[in-house]
Amino acid sequence: MTDATTAGTAAVKTGRPSLDLHVIGPIVALLALILIGALMNPNFLSYGNVTNVLARSAFIGIIAVGMTFVITAGGLDLSVGSMAAFIAGLMIIVMNALVPTLGTGWPTILAGMAAALAIGFAAGLFNGLLITQARIEAFIVTLGSMGIFRSLVTWLADGGTLSLNFSVREVYRPVYYDGIFGIAWPIIVFLAIAALGEIVMRHTAFGRHCAAIGSNEQVARYSAVHVDRARLAGYVLLGVLVGVATIMYVPRLGSASSSTGVLWELEAIAAVIIGGTVLKGGFGRVWGTVIGVLILNLIENILNLTDLVSPYLNGAIQGVIIILAVVLQRQKKATR
Amino acid sequence: MTDATTAGTAAVKTGRPSLDLHVIGPIVALLALILIGALMNPNFLSYGNVTNVLARSAFIGIIAVGMTFVITAGGLDLSVGSMAAFIAGLMIIVMNALVPTLGTGWPTILAGMAAALAIGFAAGLFNGLLITQARIEAFIVTLGSMGIFRSLVTWLADGGTLSLNFSVREVYRPVYYDGIFGIAWPIIVFLAIAALGEIVMRHTAFGRHCAAIGSNEQVARYSAVHVDRARLAGYVLLGVLVGVATIMYVPRLGSASSSTGVLWELEAIAAVIIGGTVLKGGFGRVWGTVIGVLILNLIENILNLTDLVSPYLNGAIQGVIIILAVVLQRQKKATR
Amino acid sequence: QDKATIGVSIPAATHGWAGGMNYHAQAAVNRLEEVYPQLDFVLATASDPGKQVSDIEDMMATRNIDALVVLPFESDPLTGPVKRVAEAGKWVTVVDRGLSEEGIEDLYVAGDNPGFGRVAGEYFRQRMPDGGKIVVLRGIPTTIDNERVEAFQKALEGSGIEILGMEHGNWNRDDAFTVMQDFLSKYPEINAVWASDDDMAVGVLEAINQAGRTDEMWVLGGAGMKEMIKRVMDGDKMIPVNVTYPPAMIASAIEMTALKFVSNAPVSGRFIIGSVLITPENAESYYFPDSPF
Amino acid sequence: MQPAPQTTARTATSAAHAPILALAGVSRSFGPVQVLFDVDFDLYPGEVHALIGENGAGKSTMMKILSGYLEPTTGEVMLDGAPVSFTSSEDAEDRGVVLIHQEFNLADQLSVEQNIFLGRELKRGLFLDHKAMRATTNELLARLETKTPAWATVSKISVPEKQMVEIAKALSREARVLIMDEPTAVLTRNEAEILFRQIERLKAQGTAILYTSHKLDEVARIADRVTVLRDGRHVLTAPASELSEDAMAEAMVGRELSNLFPDKADANAAETVLVLKDFSVPGIVENANFELRRGEILGFAGLVGSGRTELMEGLIGIRPATGEIRVNGKARQIRSVDDARKAGIAYLTEDRKERGLLLNQGMRPNLTLLALQKFSRILIDRDAEEKALDRSIREFDIRAPSREIKVANLSGGNQQKLLLAKTMLAEPEIVIIDEPTRGIDIGTKQQIYQFVRRLADEGRSVIIISSEMAEVIGLATRVAVMRTGRIAGTLKGGDINEDAIVRLAMGLEKKAEGND
Ligand SMILES: Nc1ncnc2c1ncn2[C@@H]1O[C@H](COP(=O)(O)OP(=O)(O)OP(=O)(O)O)[C@@H](O)[C@H]1O
Ligand SMILES: Nc1ncnc2c1ncn2[C@@H]1O[C@H](COP(=O)(O)OP(=O)(O)OP(=O)(O)O)[C@@H](O)[C@H]1O
Ligand SMILES: [Mg+2]
Ligand SMILES: [Mg+2]
């Protein structure tokens with residue numbers, strides 16, 4: 001996409017339009033936040049804090065990568081937060097149940113991970129089939145399944161908390177807290193998935209088809225794109241990624257309850273849009289989403305760095321910054 | 001095509017296409033729910049219960065009417081729930097502050113009502129200007145202002161509850177609990193606003209313009225529609241209606257806190273979509289929204305009136321019914 | 001003496017009691033910062049357990065806290081992270097909800113959730129010796145709510161009191177109002193309501209009022225909201241008593257933790273603040289008209 | 001792709017000249033409305049076959065049936081002599097039958113390259129082969145001599161450029177049968193010539209080409225055979241050499257067509273109603289100066305991309321522009337289409353699908369959208385709207401199967417007529433019509449020309465932008481020619497001829513032939 005070489009003759013067109021603010025907007029916002037943070041607290045750029053923020057971004061980050069595909073294809077998924085809670089709950093139940101047979105070590109954990117991925121797959125399939133086969137608006141389907149998953153986890157936990165067997169937790173813990181070469185596992189997994197996502201979005205037919213479907217479903221259908229299949233794949237991919245996020249989340253807290261993953265869906269969608277993906281579909285970029293997630297998590301981190309007038313106002317400041325971050329990428333839409 | 005040339009006279013006018021399920025779907029769903037409710041509990045159709053459900057529906061209903069316009073014009077507003085809490089909080093503060101000068105009677109209450117409408121107007125203007133002038137995605141603007149309004153009310157209430165002066169409350173109470181000819185005021189106001197909304201949507205230039213903008217902004221602009229002005233008007237209208245809803249809400253419990261209006265935005269949007277308005281804009285119907293609101297409130301009512309296995313599962317059943325209600329209006333899209 | 005930083009991590013004000021608790025936490029912080037210039041406080045409120053863990057991580061990584069006062073959103077998920085704070089040699093005060101592992105905290109200040117349910121249940125027993133029909137509103141589905149309700153049910157065992165229905169009112173006035181309206185439609189005879197929280201009691205009372213069935217039943221809330229205590233004090237027939245669960249316990253915990261850094265007073269240990277029945281006789285001593293809750 | 005070897009005895013005998021694609025007794029209805037009646041048709045390899053007929057005759061419908069987008073209600077589609085039932089357009093494409101739609105079928109937010117390969121991406125292993133696709137795209141675009149860059153987003157390119165992309169997309173499919181629904185409607189002569197060269201090339205390779213156009217001179221030039229459709233019925237099929245243009249028109253319309261263009265009137269004496277002074281649309285149009293007199297028809301000619309559309313969009317306030325606008329001697333600020341409407345100026349866009357009509361709505365709301373204030377006090381007067389629709393249907397001869405039909409389901413020509421009706425409903429003093437007869441059949445064209453003439457006679461002023469040279473020459477009393485964003489010159493009266501226009505448009509001093 002870099003060289004402006006065009007067909008045969010030199011194009012008269014003046015450089016590509018609006019690659020400017022729209023592209024660098026989120027990056028500028030991110031840099032501005034980092035600068036503010038560094039000025040406010042010398043520990044902000046410390047290894048520990050950076051690791052904390054990145055690792056914590058991983059859950060929503062991994063989900064938001066999947067969400068980027070769904071939104072690019074003109075869809076939406078409100079159920080991801082509840083889905084994460086539901087998967088975490090079932091995963092814990094599965095692992096606890098396996099302790100007597102498989103012991104408290106890695107076999108149990110691996111089985112739990114497999115279960116998480118399988119449940120994520122199934123949950124994504126459930127949403128996707130209702131949307132593509134029963135042709136119900138994605139908003140309604142996933143609003144419904146949000147309620148369903150949330151209820152189910154509350155019910156599984158009997159209104160309380162599902163706790164992972166204590167010995168299993170000790171073995172599993174390093175998956176969140178340790179890493180390799182000083183980089184925590186969640187960060188590695190997040191970045192790997194983001195990189196993969198970016199490649200899939202830009203360098204595979206699937207990514208292109210998502211954009212085409214989001215841009216104009218009819219056109220995509222007429223161009224031999226398997227619209228329903230691609231969309232379904234998007235929701236399933238998202239489900240599996242929620243499973244992956246859960247795999248990283250459970251070792252952090254070792255438990256799941258009805259308050260797990262509350263509002264993750266809004267955060268994930270916000271990250272996607274802050275990153276420059278269009279809510280109505282047709283255009284998506286995964287790297288933007290990564291930046292969006294980082295922006296959201298940095299705001300929270302920075303708010304903890306300082307003493308505000310009142311913690312009640314945190315939400316207001318967060319809101320203002322989210323809007324400001326996007327103002328940076330606003331385009332002067334002359335024609336449109 | 002032989003004589004189908006429609007020269008003014010004798011157009012073939014064969015039954016309008018697909019007026020079938022898409023139109024009667026929500027009505028059928030509503031009737032089915034009423035039937036189920038009546039079968040499950042004899043008190044379901046009692047005057048008291050019907051009044052309760054309708055009056056409760058009023059807040060979200062009034063808001064959802066405004067939301068129908070915003071969504072029809074291709075927008076979205078996530079901030080309405082927080083906005084309601086914020087308006088309620090400020091309204092209570094205003095009224096309490098006026099008691100020393102205006103006394104505890106209607107002058108104070110009327111001043112409070114005026115304040116609610118004015119604040120709603122301002123809040124809608126705030127959202128609308130950011131969306132139309134700063135050209136930020138509605139999702140982001142209203143996600144931001146959702147945080148801002150919610151924070152502000154928490155801060156105003158010092159984390160607790162803002163309570164209306166007791167004597168003012170006694171005067172104000174009948175606005176929620178009383179009515180005329182046995183019909184409670186909230187129901188009257190709701191139905192009046194819905195009827196007005198339906199007329200505005202179908203019989204005024206503003207309604208037409210909203211649909212045109214949501215359908216194709218570019219075409220609207222080329223057709224002399226003031227796109228930004230109409231959109232802004234939509235958000236302002238919604239803000240004012242949130243104000244009206246708040247006017248009906250405050251006399252009910254006489255208080256506002258940070259938990260007021262939580263998730264109203266999702267309920268309002270869901271009602272709009274269940275009613276058949278298209279989330280991506282271009283087509284909206286207010287009467288559908290009214291039915292959507294009633295469906296959502298009936299589900300809750302029925303769940304409360306019946307004994308389930310576990311109240312934890314309420315949410316799941318709610319989710320299933322929401323999806324089923326929309327399945328009824330799914331269209332067999334043969335060609336598409 | 002050296003400067004010391006005390007981190008305070010509490011759940012956000014999502015319902016009335018939590019709001020009161022937030023108020024007391026902030027008031028305590030403001031007061032102590034004034035009195036003891038050598039103390040620095042960091043106050044963070046969290047809307048879910050994950051966010052609370054993040055807050056604690058941030059306090060450790062960037063604010064260098066010397067002590068942590070934490071009211072865990074939920075016991076289980078916070079156990080590991082708080083344990084790590086303790087292991088880093090910081091002072092840990094746990095408030096209200098105990099951690100899942102014994103011996104992590106230096107100081108424990110808590111209310112008594114099973115006691116809260118038990119005291120309420122015992123009052124019902126005493127007030128309705130011949131049994132009766134009641135409905136129950138539950139809070140947000142959490143361990144706390146489970147403990148309270150279990151203890152309540154246990155206290156009622158064999159009393160002849162029948163629980164007609166239980167629904168979640170989520171410690172929210174509006175939800176409680178809705179649930180109570182529907183209870184009133186559903187059950188022609190209700191002798192009493194355990195609203196289990198004063199915020200929910202507000203909604204419940206309004207619904208009963210609207211249905212005109214005020215003479216038929218009475219309501220027991222809980223947690224000691226000032227308006228409710230006032231009504232107990234005034235001998236309101238509908239609100240005969242209340243049960244304490246003081247949100248101010250957070251302030252006590254913060255103060256005791258602060259003492260550790262400004263004096264040599266021994267402050268470690270366990271302080272359980274029992275739930276007490278407030279009756280018209282003793283109500284005066286629980287009435288604080290200036291508190292927001 | 002080579003024609004598949006034939007094995008059945010039936011086709012083997014006439015292998016040399018068997019139809020590759022045919023219709024046998026095909027009918028098609030949409031709901032209760034039948035639009036095709038028992039149509040027989042055949043298409044041979046290596047021929048260029050033109051399908052002509054009035055707007056709404058069923059041409060597009062027939063082409064969609066041939067290429068798997070629609071199924072016949074009754075009758076058979078035959079491929080290589082055997083009945084087929086394409087399950088989808090993709091299936092048809094797999095068998096070598098490719099359709100270029102009348103309405104654009106491009107995903108707006110995707111780039112040219114992405115659109116060309118949509119659904120048929122070239123891959124290396126799992127990943128897209130960007131290099132190969134870029135190379136092929138550039139090669140295709142070069143073959144079509146367009147300057148559109150492969151990376152350009154489709155929403156940002158002009159209508160003719162979109163058409164060239166559609167053609168490139170179809171070429172990339174290497175079809176055995178290429179069906180084109182009015183490919184030249186939005187092209188200028190130059191680009192049409194490029195397309196014809198490609199058609200010749202494909203024909204030489206043995207590709208069967210089916211083609212519709214309302215430009216009968218083109219048909220006469222490039223078609224081998226012509227099939228005429230009238231009101232959904234097959235009227236005749238004959239070698240093009242045996243049909244004159246007049247005969248074609250007569251077969252289509254069912255009556256004789258006399259003079260296509262009305263007589264010109266001289267408006268020299270009338271007062272000036274519109275003056276543009278040093279008018280610029282930043283980046284596109286520079287310092288345009290022109291004036292328009294009452295009752296005048298002013299033509300605007302130029303090559304694609306010369307900025308005619310942008311100039312007018314600047315004038316009506318859609319694009320930011322600088323310079324002076326005087327209407328009836330008074331300086332006006334025009335910042336929106338509404339301002340323009342109030343100044344008595346209306347503009348009919350060249351892009352009816354993206355800028356002209358709300359495709360998912362019915363005819364009535366579309367018709368009255370621009371002039372809605374005329375129908376509403378507080379409420380909209382629906383009866384008046386219905387009456388206006390009746391009038392427009394009559395006046396512009398809009399043929400729709402039902403009044404409630406979604407505009408997307410109108411035939412292309414009827415959409416154009418509706419757009420014209422919508423613009424006229426605003427009763428503008430000054431009408432700017434960008435490509436007025438795009439996709440309009442010859443009979444209706446004549447009506448529209450007379451209509452334009454009548455407007456001028458009534459004392460209104462008309463600006464006509466057209467890439468059909470004959471239209472500008474036939475209608476306009478003066479012609480402004482644009483080149484790369486500037487008005488290169490204005491021709492008057494007897495000076496208006498093709499040669500003079502081309503020279504100004506291309507910036508040539510002396511007459512030059514060829515493809516520069
Ligand atoms: N999906 C549809 N639903 C209903 N009617 C339709 C549909 N598609 C086409 N029609 C009708 O079928 C008739 C034939 O349309 P078609 O598009 O084939 O005409 P055409 O010959 O291509 O005309 P034009 O020259 O204007 O493009 C028209 O009256 C049109 O309104
Ligand atoms: N939205 C846009 N953004 C950037 N460039 C544009 C945009 N719209 C048009 N252009 C460019 O402006 C130039 C002039 O446009 P256009 O081709 O419409 O001119 P025109 O003279 O009206 O030609 P015609 O009407 O025959 O197509 C073209 O190079 C076109 O690609
Ligand atoms: Mg056609
Ligand atoms: Mg043009």
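In the text below, chain A, chain B and the rest are named by the order of the sequence lines, each starting its count at 1.
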Got a second to check how far [X]'s [atom1] is from [Y]'s [atom2], nearest 0.5 Å?
X	Y	atom1	atom2	answer
E206(C)	R173(B)	CD	CZ	4.5 Å
Q210(C)	Y176(B)	CD	OH	6.5 Å
N52(B)	M180(C)	CG	CE	11.5 Å
Q26(C)	D158(B)	CD	CG	7.0 Å
S163(B)	M225(C)	OG	CE	7.5 Å
S259(B)	R173(C)	OG	CZ	8.0 Å

> Any luck finding a side-chain donor-acceptor pair between Y249(B) and D174(C) under 3.5 Å?
Replying inline: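 There is such a pair (donor and acceptor under 3.5 Å, judged by atom type) between the side chains of Y249(B) and D174(C).
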
Within a strict 4.5 Å, meaning less than it, do heavy atoms of the [X] and [Y] side chains meet?
X	Y	value
D182(C)	R56(B)	yes
F183(C)	N304(B)	no
N314(B)	H168(C)	no

> Which answer fits L303(B), side chain, backbone, both or neither, if we ask what part of it has an atom under 4.5 Å from a heavy atom of chain C?
Replying inline: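 Backbone only.
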
>> As a quick check of understanding, evaluate side chain to side chain contact (heavy atoms under 4.5 Å, CB included) for K186(C) and N43(B), giving each step before the final call.
In response: CA-CA 7 Å; K186(C) 191 173 169 188; N43(B) 290 326; 5.5 Å; no

> Measuring heavy-atom distances to chain B, does T45(C) have an atom under 4.5 Å in its side chain, in its backbone, in both, or in neither?
Replying inline: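 For T45(C), neither part sits under 4.5 Å from chain B.
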
>> Less than 4.5 Å to any heavy atom of chain B: does that hold for the side chain of N172(C), its backbone, both, or neither?
In response: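 Contact with chain B is through the side chain of N172(C) alone.
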
>> Keeping S185(C) on the side-chain end and N49(B) on the backbone end, is there a donor-acceptor pair under 3.5 Å?
In response: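 It does not hold such a pair.
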
> Highest number of heavy-atom pairs under 4.5 Å with chain C: which of S257(B), S255(B), G48(B)?
Replying inline: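 Top count of heavy-atom pairs under 4.5 Å with chain C: S255(B).
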
> Any idea which of L305(B), T306(B), T154(B) has the most non-hydrogen atom pairs under 4.5 angstrom with chain C?
Replying inline: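 Most heavy-atom pairs within the cutoff with chain C belong to L305(B).
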
> Does anything in residues 140-153 of chain B get under 4.5 Å of chain C by heavy atoms, and if so which residues?
Replying inline: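 Answer by number: none.
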
> Closest heavy-atom contact between S258(B) and A13(C)?
Replying inline: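 Distance-wise, the nearest heavy atoms are OG-O, 2.6 Å.
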
> Is it the case that more than 12 heavy atoms not belonging to E170(B) sit under 6.0 Å from its CD atom?
Replying inline: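 Correct, the count exceeds 12.
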
